[in-house]
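All remarks here apply to the structure that follows.
Please read these numbers as outputs of a predicted model, since none were measured by experiment. We name chains A, B, ... by the order of the sequence lines, and we start the count at 1 in each one.
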2 protein chains.
Amino acid sequence: MSAEQPAVTRKGRLSAALGDDLSFLLARANAYSLAAGNVALATIGLRARSYSVLALAADGSRPSQRDLADFLRLDPSQVVALVDDLQTRGLVAREADPADRRTNVVVTTAAGRALYEQARVQARRAEEQVFARLSPSERERLASLLQLVAFPD
Amino acid sequence: MSAEQPAVTRKGRLSAALGDDLSFLLARANAYSLAAGNVALATIGLRARSYSVLALAADGSRPSQRDLADFLRLDPSQVVALVDDLQTRGLVAREADPADRRTNVVVTTAAGRALYEQARVQARRAEEQVFARLSPSERERLASLLQLVAFPD
DNA sequence: TATTGTTATACTCTATAACTATA
DNA sequence: TATAGTTATAGAGTATAACAATA
């Protein structure tokens with residue numbers, strides 16, 4: 001709190017105005033995380049966005065495009081583009097929902113599931129790198145704090 | 001940890017694949033935070049980006065554009081555009097650094113400092129809204145965990 | 001009437017490369 | 001040679017609006 005405390009150590013002299021600003025820290029941490037994720041996933045032709053869609057399709061919960069948009073906090077029109085791309089590459093397919101013919105359910109193909117397994121390895125590698133300075137229990141703590149912000153209900 | 005724990009409560013049935021993924025939680029939390037910040041700051045003609053530049057210029061540390069780029073994790077060319085915009089509006093000025101004539105130091109004008117005071121109020125309002133579910137001590141804990149990620153040194 | 005998916009469009013953000021002037 | 005700032009450009013992400021099919 002006082003003038004010459006080690007807040008400077010890690011962040012340099014500019015930290016006075018924004019160094020404790022949660023929104024700024026969130027933005028900067030996310031920038032690192034997103035960049036590392038995109039680099040790691042680029043090796044198998046995915047990006048963070050397409051990986052997240054593939055992950056949700058791959059877990060067997062048969063999400064509609066609307067479900068994906070809500071959960072990923074994307075506009076439905078962005079989901080159209082992401083699913084188009086994955087479908088063109090033979091990784092996912094749209095299935096009609098018999099209960100509601102407006103709805104497209106997104107499922108993975110065998111190739112999609114196989115690629116997802118590779119992608120998970122890369123995603124973990126990136127995460128390990130970005131969160132290297134946090135212990136397992138600190139990571140759990142961070143996850144539960146972030147869940148309160150990310151899913152306000 | 002076991003199968004039917006309340007991880008579903010706040011995030012719905014899609015949470016299996018990504019609900020504990022730190023990178024995803026960071027992205028989603030940041031999306032909320034950024035959106036709320038932009039909405040709150042729009043009332044006074046700023047965005048999160050321009051606010052962060054103004055904040056660093058306003059605290060008297062006389063940052064160079066390079067300092068701003070490093071701290072905000074922006075490309076130097078983006079800083080040019082942000083400073084151009086704020087300068088056009090009479091909120092900041094570029095000053096030559098006598099010690100190194102390549103360097104532009106960014107300082108606030110009186111109007112810039114006045115607007116920054118208003119902007120801080122809006123930024124706090126947005127932050128209060130986004131982090132409403134976290135107690136003061138949880139917010140501090142979140143800040144220090146995020147600092148380890150955002151400033152890896 | 002409301003919702004799902006779709007198309008279109010404009011704007012912001014991100015990432016590179018090349019250039020200039022200084023060091 | 002290297003660094004600070006600048007310009008230019010392309011690609012990714014964000015935000016809206018409007019529409020068809022279906023509920």
* **Residue pair F24(B), F71(A): steps toward the ring-ring contact (aromatic ring centres under 6.0 Å, His included) verdict** => CA-CA 10 Å; F24(B) 166 67; F71(A) 192 72; 5.2 Å; yes
* Could you give the distance from CG (L22(B)) to CD (E128(A)), rounded to the nearest 0.5 Å? ->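 Going from CG on L22(B) over to CD on E128(A), the span is 10.5 Å.
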* To do: Residues of residues 71-103 of chain B with any non-hydrogen atom less than 4.0 angstrom from an atom of DNA chain C: list those, numerically ordered, please.
  =>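 Heavy-atom contacts with DNA chain C come from D75(B), S77(B), Q78(B), D100(B), R101(B), R102(B).
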* **Lys/Arg N to Asp/Glu carboxylate O, R94(B) vs D84(B), below 4.0 Å** =>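 Counted as a salt bridge, because a side-chain N and a carboxylate O are separated by less than 4.0 Å.
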Rounding to a whole Å, what distance do you find between [X]:[atom1] and [N]:[atom2]?
{"X": "N30(A)", "N": "dC13(C)", "atom1": "CG", "atom2": "P", "result": "14 Å"}
{"X": "N104(B)", "N": "dA21(C)", "atom1": "CG", "atom2": "P", "result": "14 Å"}
{"X": "L34(A)", "N": "dA15(C)", "atom1": "CG", "atom2": "C1'", "result": "12 Å"}

* To do: Please name the residue in the list V53(A), L54(A), N38(A) that meets the side chain to side chain contact (heavy atoms under 4.5 Å, CB included) test with L46(A).
  =>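 In the set V53(A), L54(A), N38(A), the residue that makes a side chain to side chain contact (heavy atoms under 4.5 Å, CB included) with L46(A) is L54(A).
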* Asked: What do the steps show when you test D85(B) against R89(B) for salt bridge (charged side-chain N to carboxylate O under 4.0 Å, His left out), and what is the final call?
  -> CA-CA 6 Å; D85(B) 174 55; R89(B) 294 154 67 185; 3.0 Å; yes
* Asked: Under 4.0 Å: is that the gap between some side-chain N or O of R47(B) and OP1 or OP2 of dC11(C)?
  ->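 No, outside the criterion.
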* Of N38(B) and V105(A), whose closest DNA chain C nucleotide lies nearer the 5' terminus? ->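 With V105(A) and N38(B) compared, the 5'-side residue is V105(A).
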* Asked: Does any non-hydrogen side-chain atom of T109(B) lie less than 4.5 Å from one of V92(B)?
  ->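 No; the side chains remain at least 4.5 Å from each other.
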